[in-house]
Amino acid sequence: MAKIIDGKKIAAKVRADIKERAATFASETGVVPGLAVIIVGEDPASKVYVRNKHRACVEAGYRSDIYEMSADTTEAELLTKIEELKADTGIHGILVQLPLPSHLDEKAVLEAIPPEKDVDAFHVVNTGKIMLGDYSFLPCTPAGVMKMLEYENIDISGKECVIVGRSNIVGKPMAMLLLHANGTVTVCHSRTKNLSEVTRRADILVVAIGKADFITGDMVKPGAVVIDVGMNRRDDGRLTGDVDFDSVEPVASAITPVPGGVGPMTITILLENTLTAAKESIGK
């Protein structure tokens, strides 16, 4: 039976530490970390994510500003709002909740956020720094996975690491972070041949493709660590990951559940990045 990696428990510990460090920083400098989140449109999942981010910020003692813009907001209006937040010295992190309505150019919007306030680490400057291993911020989900592995004392060095999914948000940066930790990394995608043969080589398997229950027990090496980044809703309304938990759990040595696995860590790293941005804004 695999050990269940409890993301909620790890996140609670890390957030308590961040709250303490933020309070010390604020008492020493008078600077309260500030995060601004812009949400465009009425996407229900996005609204839940934004609400969770706001709650986490308030609990950590941060300033938290939410800007809700209608689905027909023009690109010029959105860029004007980002310009305002760029100039606000009390805001250290700016986050535009994705996905955006289809008439808005996601790339142009993300590039408008200055790298030093880009706490999602999506700006091309920050993604380049991650490639080099010389960064201030890390993308929240991959960094959350790394923090979980660290807390569970799972050594990456020399391990065979396989990532299923090559998105800019999870798959590619995840590959870089595992590589920086001296893992031997393979990235799989929709064109990968004999996928199950590749996944069965993995000592550490990270799955982020957005297909419910896609990875089954016969695709996993006995004793592997399985990290499920997926979040899908079944027909009956229940949440499930990209990994078929029931068939994989008896094979793996450790596994993240969905929900309650990687999800809570993503917002935790957002808090960490915002504190880093606040410190860097005054040169500390």
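This chain uses plain numbering: 1 for the first residue, then up along the sequence.
Rounding to the nearest 0.5 Å gives a distance of 8.5 Å between CG of L79 and OG1 of T74. Rounded to the nearest 0.5 Å, atoms OG1 (T141) and CG (L177) are 11.0 Å apart.
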Practice item. Would you check, one step at a time, whether the test salt bridge (Lys or Arg N to Asp or Glu O under 4.0 Å) holds for E42 with K47? Key: CA-CA 7 Å; E42 300 294 322; K47 288 199 152 191; 2.8 Å; yes

Point to revise | Evaluation steps, side-chain contact (heavy atoms from CB on, under 4.5 Å), between E111 and H123 | key: CA-CA 6 Å; E111 295 300 315; H123 192 285; 3.5 Å; yes

Point to revise | Check against side-chain contact (heavy atoms from CB on, under 4.5 Å), E77 and T80 | key: CA-CA 5 Å; E77 287 168 336; T80 298; 5.6 Å; no

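Under 4.0 Å is where a charged nitrogen must lie from a carboxylate oxygen, and between K3 and E152 at least one such pair does. By the 4.0 Å N-to-carboxylate-O rule, D17 lies too far from K13 to be salt-bridged with it. Salt bridge R234/D236: absent, no basic N to carboxylate O contact under 4.0 Å. The existence of a salt bridge linking K279 and E28 is excluded, since no basic side-chain nitrogen approaches an acidic carboxylate oxygen closer than 4.0 Å.
If you chain together hydrophobic residues whose side chains sit under 4.5 Å apart, V31 and F137 never meet in one group. Cluster annotation: I163 and V145 are assigned to the same hydrophobic cluster (Ile/Leu/Val/Met/Phe/Trp/Tyr, side-chain heavy-atom contacts under 4.5 Å, transitive). Note on I4 and I227: separate hydrophobic clusters, where clusters join Ile, Leu, Val, Met, Phe, Trp and Tyr whose side-chain heavy atoms are under 4.5 Å apart, directly or indirectly. Cluster annotation: M146 is connected to Y151 through the hydrophobic network of ILVMFWY side chains, with a link wherever side-chain heavy atoms come within less than 4.5 Å. L205 and M176 fall into different hydrophobic clusters, where Ile, Leu, Val, Met, Phe, Trp and Tyr are joined by side-chain heavy atoms under 4.5 Å apart, directly or via other members.
In this structure the side chain of H54 never reaches within 4.5 angstrom of the side chain of V37, judged on heavy atoms. Looking at S196 and D218, their side chains never come closer than 4.5 Å, going by heavy atoms from C-beta outward. Put simply, the side chain of Y62 reaches to within 4.5 Å of the side chain of T274, judged on heavy atoms. Between T127 and N168, the closest side-chain pair of non-hydrogen atoms is not below 4.5 Å. Using a 4.5 Å heavy-atom threshold, the side chains of V206 and V229 count as touching. Side-chain contact between K172 and P142 is absent, with no heavy-atom pair separated by less than 4.5 Å. Counting heavy atoms from C-beta outward, N273 and C140 have side chains that approach closer than 4.5 Å. Looking at L85 and K117, their side chains never come closer than 4.5 Å, going by heavy atoms from C-beta outward.
Although no hydrogens or angles enter the test, the distance criterion places a donor-acceptor pair under 3.5 Å between the side chain of H180 and the main chain of I130. Side-chain N or O atoms of E116 include none that pairs as donor or acceptor with a backbone N or O of E280 at under 3.5 Å. A donor-acceptor distance shorter than 3.5 angstrom exists from the side chain of D203 to the backbone of E160, with no hydrogens or angles considered. When atom types are taken as modelled, the side chain of K147 and the backbone of T268 share no donor-acceptor pair closer than 3.5 angstrom.
Contact record, P264 with R15: O-NH2, 2.9 Å, taken as the closest heavy-atom pair. The shortest non-hydrogen separation linking P115 to V125 is CG-CB, 3.9 Å. Heavy-atom minimum distance, D118 versus I113: CA-CG2, 3.8 Å.
Of the N and O atoms on the side chains of S157 and D155, not one donor lies less than 3.5 Å from an acceptor on the other residue.
Each of D228, D213, N232 was checked for a side chain to side chain donor-acceptor pair (under 3.5 Å) with T240, and the lone residue meeting it is D213.
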